[in-house]
Structure formats: C-alpha cells, structure tokens
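Per chain, numbering begins at 1; letters A, B, ... match sequence-line order.
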Amino acid sequence: MRIAIIGFGSVGRGVAEVIVAKNLGIRVTAVADSKSGAIDPSGLDIAAVLKNKKETGICGSPDITVSDIISSDAYDVLIEVSPTNAETAEPALGYIRKALTAGKHVVTSNKGPVALRYDELHTLATEHNVQFRYEATVCGAIPLMHTIESGIAGNTISRLYGVFNGTCNYILTRMAEEGLTYQQALLEARELGYAEADPTYDVKGIDAAIKLVILANVVWGIKKTLADVDIVGIDGVTSAAIALAEQEDQTIRLIGEIDPANEILRVSPTILPKSHPLVVRGTLNAVTIETDLAGEITLIGKGAGSSETASAIISDLLFIRDCHGRRD
Amino acid sequence: MKLEMKDSPGQLVSVLTPIRDIGGNILSVIHERDPGAGKDILDIQIMCDIPEGTLEPLISGFRTRGINVLRVGEERFLVRRSVILIGHLIHTDISDTIGRIDSTGYAEVHELSMVMPAINEPSSAKMTIKSDSLKDINRALAILRDVARAKGFLIIEPLEGN
Ligand SMILES: NC(=O)c1ccc[n+]([C@@H]2O[C@H](COP(=O)([O-])OP(=O)(O)OC[C@H]3O[C@@H](n4cnc5c(N)ncnc54)[C@H](OP(=O)(O)O)[C@@H]3O)[C@@H](O)[C@H]2O)c1
C-alpha cells in the first residue's frame with residue numbers, strides 16, 4: 001500500500017517513524033510540508049527524508065507542491081495531517097476533496113474538515129468507492145471510532161461523555177493535587193509543552209467542542225456545528241472551587257457531553273466523585289459510551305502525542321488495507 | 001413514624017440507637033403518654049431522615065429492642081444537589097440568589113459554604129439545594145442557572161445520570 005503524507009510535523013513524522021521502525025507493508029511515496037514536497041512512485045527513502053527535515057527544516061524540494069502530489073498517481077491513501085483550521089477547514093478540505101474525487105482513500109487527524117464537512121466528504125468517499133477515516137481526530141490514541149463502528153456494532157448509542165482535552169485535564173489535575181491557581185497550572189502546562197503559546201482553543205473548551213461536533217455528526221448523523229455547542233471553558237475555575245469539591249471527595253473536570261434525546265450538546269466544568277472512571281490524571285483523555293446492549297463502556301488513553309496519534313492513523317490505514325483489498 | 005414502647009427510664013435512648021446505626025438523622029420527636037393505654041406505655045412520633053433503602057433494617061432494629069412500630073408515615077424522598085458557584089457572588093446579592101430558590105416553595109437552599117478570595121477575585125461557594133423530588137430539584141436548578149446567567153456567575157454542576 002502506497003501512502004502520501006501531507007504535513008510533516010509532529011504527527012506526520014510520527015507516522016513516518018512507525019513505518020521505518022515496523023514492517024507493516026506500507027510504502028511512503030510522497031511527503032509534503034508547508035514549503036516543499038517529495039515524490040517517488042517506487043517509494044521514498046523515508047529515513048533520509050526524516051533526516052533531511054531535521055537538518056534543513058524542509059522535507060523535499062520547494063518545486064514540488066501538495067497539489068502536484070495529490071494529482072499524481074503515486075499513492076493509494078492520502079494521509080492528511082496538516083494544521084487544523086476550525087473556521088474554514090482549509091487548505092486540508094480542498095486536499096481531501098481532490099484526493100477522494102481522484103478515487104484515493106483518505107486518513108486524517110485534522111479536525112477541521114470532519115467537523116465542518118463530514119457529510120459532504122463521507123458522501124464523496126462513498127460515491128468514489130473509497131474510505132474516508134478520521135480515528136485520530138477525537139481522543140488521539142483511543143480507538144473510539146473503531147470501537148463504535150465495529151467493537152460495539154449493533155448497539156444503539158444513547159449518550160457519549162468524557163474528557164476530550166488533555167491540556168485542560170492537566171491544568172485541573174494540577175490545581176486539585178497541588179492547590180495551584182489556574183494561572184500557575186497554565187504556566188506549568190506551557191513549560192511542559194502541553195499548552196500552546198495561545199491556549200485559547202484548549203482552555204475555552206473550543207477544542208473539546210469541535211470533537212463533540214465530529215461525534216454528533218459521525219455517530220448520530222445530526223448536523224451540528226460549533227455554534228450549537230454550549231461551551232464553558234476552564235479559565236473561570238478557581239482553586240477555591242476545586243477545594244470545595246474536594247471537601248466531599250469530589251473534583252472538577254472539563255466534561256464534553258452529547259445526549260441527543262435530551263438535546264444536550266455541551267462542554268463545561270463538571271463536578272465528579274474522585275472515584276469516577278472519568279476522573280483521569282494528567283493529559284489523559286477518557287470517554288464513556290452509553291449503549292443499550294453493552295451498557296456503559298469507558299475508554300481511557302492518551303489524547304495526543306506523536307506516536308499516539310500515529311497509532312490511530314496506522315490503525316485506520318491497516319483497516320483500509322485489510323478490509324478494502326490490497327492495492328500495491 | 002409512630003412507635004409504642006415501655007415507659008421506663010432510659011427507654012427513649014433505645015429509639016435513637018437504631019436510627020444512628022443506619023446513619024439516619026432525627027428531625028423531630030413528639031412523645032406523649034396515651035391516657036387510655038395504661039400508664040407504662042409511651043407513644044412516640046418521630047420524624048427522621050434516613051438513607052435510601054434503610055427503612056426495613058430500621059424497623060427490625062426497633063423490634064429487637066422491644067419497640068412496637070405502630071405506623072410508618074409517608075416515606076418522602078429527600079433529594080440534595082450540590083453545585084459550585086464562582087463569581088462576584090456577594091456583589092450580586094447572594095441573599096437574593098438564595099431567596100429565588102427558597103421562595104419556590106418546593107426547594108430550599110440547605111447549605112452554603114463560601115470561600116473568601118483576594119480582593120477583586122471572584123469568590124467561590126458550594127450551595128446545597130434540598131427538595132422532595134428530583135423533578136423539583138431540576139426545576140430549582142433551572143432557576144439558579146437563569147439567575148447565574150443574569151448575574152454573570154459561573155455554575156458548576158455534578159455529572160448527571162451517575
Ligand atoms: N499533535 C497531536 O498530538 C495531534 C493529535 C490529534 C490531532 N492532531 C492534528 O493533526 C494535525 C497535525 O498536527 P501536528 O501536531 O503534527 O502539527 P504540526 O507539528 O504543527 O505540523 C503541521 C505540519 O503541516 C505542515 N503544513 C502547514 N501548512 C501546510 C499546508 N498548507 N500544506 C501542507 N502542509 C502544511 C507544516 O509544515 P512545516 O513543517 O513546513 O511547518 C508541518 O509539517 C493537526 O490538524 C492537529 O490538529 C494532532
């Protein structure tokens with residue numbers, strides 16, 4: 001199976017490293033970052049590309065564009081791992097449309113296109129008899145989509161709720177365990193690389209809300225957008241509030257919840273007993289699926305990181321290969 | 001509930017023990033000597049708050065102590081829900097906020113613990129609302145949410161359905 005990787009940052013390089021380290025039968029035939037690209041239909045020397053990126057900051061030649069790669073016939077699956085744009089989903093949306101229309105499978109970790117255009121992309125994939133997969137967009141390494149799609153196939157899902165943002169969970173954990181103020185915990189998260197220089201997306205609950213929008217569309221087919229989510233972030237949570245919860249063996253976590261029957265679609269700081277399975281520590285994510293047959297299922301795992309996100313992408317790739325005929 | 005027991009010194013205490021054993025809380029006790037029933041029999045009416053599902057063990061606890069349970073009154077559910085409020089609670093008139101719940105007639109603010117922050121920082125408080133039914137608790141919480149929106153404070157609620 002031949003893949004083209006668009007975006008060669010933390011996730012793109014993570015995927016490349018797995019392919020170098022493991023003999024999975026996957027060949028990388030094209031890569032691109034924001035300034036350059038490389039194509040070789042017989043397979044790139046991916047270890048050399050990784051080295052080049054590390055030493056020069058670019059992965060290929062400035063003469064080769066993403067567009068050249070996508071319109072080429074050098075690949076079977078497009079791995080779209082460029083930055084998320086929550087407003088327009090571009091340029092990733094355009095890349096994905098083009099690849100699907102050309103009859104290529106697409107695997108992405110990019111939340112923008114799935115949150116904004118799931119219906120269109122899903123339909124496009126079906127029309128061209130290819131797969132469009134996005135396991136990595138929600139809860140990083142946790143196999144949430146696979147669990148819903150095959151693990152508990154046949155169940156009716158009534159409600160989904162959990163911890164969808166590792167940065168917020170880290171901050172709240174530190175406030176609870178060390179009595180830090182919000183500002184102190186945020187500073188610490190930044191120093192450790194868990195929070196961006198501009199943490200707005202995470203701490204205001206927007207990132208978690210985008211993931212809920214993806215789940216609402218994918219799991220229930222309800223066409224919701226970011227504007228439909230009731231969002232309260234963690235930036236107003238005081239250490240005194242957490243201390244009050246602790247008095248009763250409870251704590252506060254940022255919980256995202258979808259309960260279509262009760263018209264609930266919200267992200268908000270929530271009080272939970274400390275013994276609750278969703279009270280996970282540090283940057284972990286956790287999600288509970290409420291079903292009719294299986295009861296409740298809670299999955300816990302790493303929500304981000306290079307090899308963790310690559311894990312979700314690789315599993316999508318192998319699913320396509322093993323369930324949709326090998327094309328190499 | 002209405003109880004009947006021997007009127008001898010120290011007997012009243014034996015009513016308290018079974019209630020304490022199941023983790024209950026006595027709200028009121030009325031006792032009177034029933035003139036028709038002989039002078040060594042004491043009638044007691046007791047109102048207490050007990051954890052869910054402990055009524056049966058309580059009744060058998062009385063029996064083993066020789067206390068006769070004459071009548072068990074209407075068992076009423078007591079629902080409590082604690083929320084945390086963050087904001088300028090005092091400057092937005094906390095007593096008015098409490099009054100909005102208490103004036104409903106179906107729910108009341110049972111407890112309020114407040115933590116004083118530094119000047120200009122928002123304060124945090126834990127408010128426990130009490131009512132007879134889940135439905136009324138939810139009605140009261142809906143009022144509190146409206147008040148919070150209007151007064152601009154944050155309300156953190158427990159995860160439901162757990
Ligand atoms: N990191 C995680 O743990 C994680 C987890 C789940 C989902 N995601 C999602 O996965 C995607 C990638 O994340 P990341 O952490 O790898 O980001 P990143 O480290 O910032 O890397 C982004 C890569 O995309 C390239 N790029 C930027 N603009 C581009 C364009 N217009 N066309 C092609 N490539 C472009 C960048 O090029 P340069 O190298 O030239 O700058 C860089 O190589 C994002 O959508 C993110 O939201 C990430």
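- Residue contact with chain A, scored on non-hydrogen atoms closer than 4.5 Å, is absent for B/S123.
- Considering only heavy atoms from C-beta on, A/I271 comes within 4.5 Å of B/I84 through its side chain.
- Side-chain atoms of B/K126 and A/Q247, non-hydrogen and from C-beta on, do get closer than 4.5 Å to each other.
- Residue-level contacts of residues 140-155 of chain B with chain A, in order of numbering, are B/L154; threshold 4.5 Å between heavy atoms.
- Interface with chain A: from residues 86-94 of chain B, residues B/I86 qualify, criterion being any non-hydrogen pair under 4.5 Å.
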Would you check, one step at a time, whether the test side-chain contact (heavy atoms from CB on, under 4.5 Å) holds for A/S268 with B/I156? CA-CA 8 Å; A/S268 59; B/I156 304 183; over 6 Å; no
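- Surrounding NZ of A/K223 are at most 12 heavy atoms belonging to other residues, nucleotides or ligands under 6.0 Å away.
- With a threshold of 4.5 angstrom between heavy atoms, A/A245 approaches chain B through its backbone and through its side chain.
- Within the 4.5 Å cutoff, the side chain of B/P122 has heavy atoms near those of the A/T238 side chain.
- A 6.0 Å sphere centred on NZ of B/K130 holds more than 12 heavy atoms belonging to other residues, nucleotides or ligands.
- Separating the CD atom in B/E160 from the CD1 atom in A/I264 is a distance of 6.5 Å, to the nearest 0.5 Å.
- Within a 6.0 Å radius of CD in A/E196, other residues, nucleotides and ligands contribute 12 heavy atoms or fewer.
- Annotation: the span from A/E257 atom CD to B/L159 atom CG amounts to 6.0 Å, rounded to 0.5 Å.
- Side-chain contact between A/T270 and B/E157 is absent, with no heavy-atom pair separated by less than 4.5 Å.
- Atom CZ of A/R281 sits in a sparse spot, with 12 or fewer heavy atoms from other residues, nucleotides or ligands closer than 6.0 Å.
- Contact of A/L244 with chain B is made through backbone and side chain together, with heavy-atom distances under 4.5 Å.
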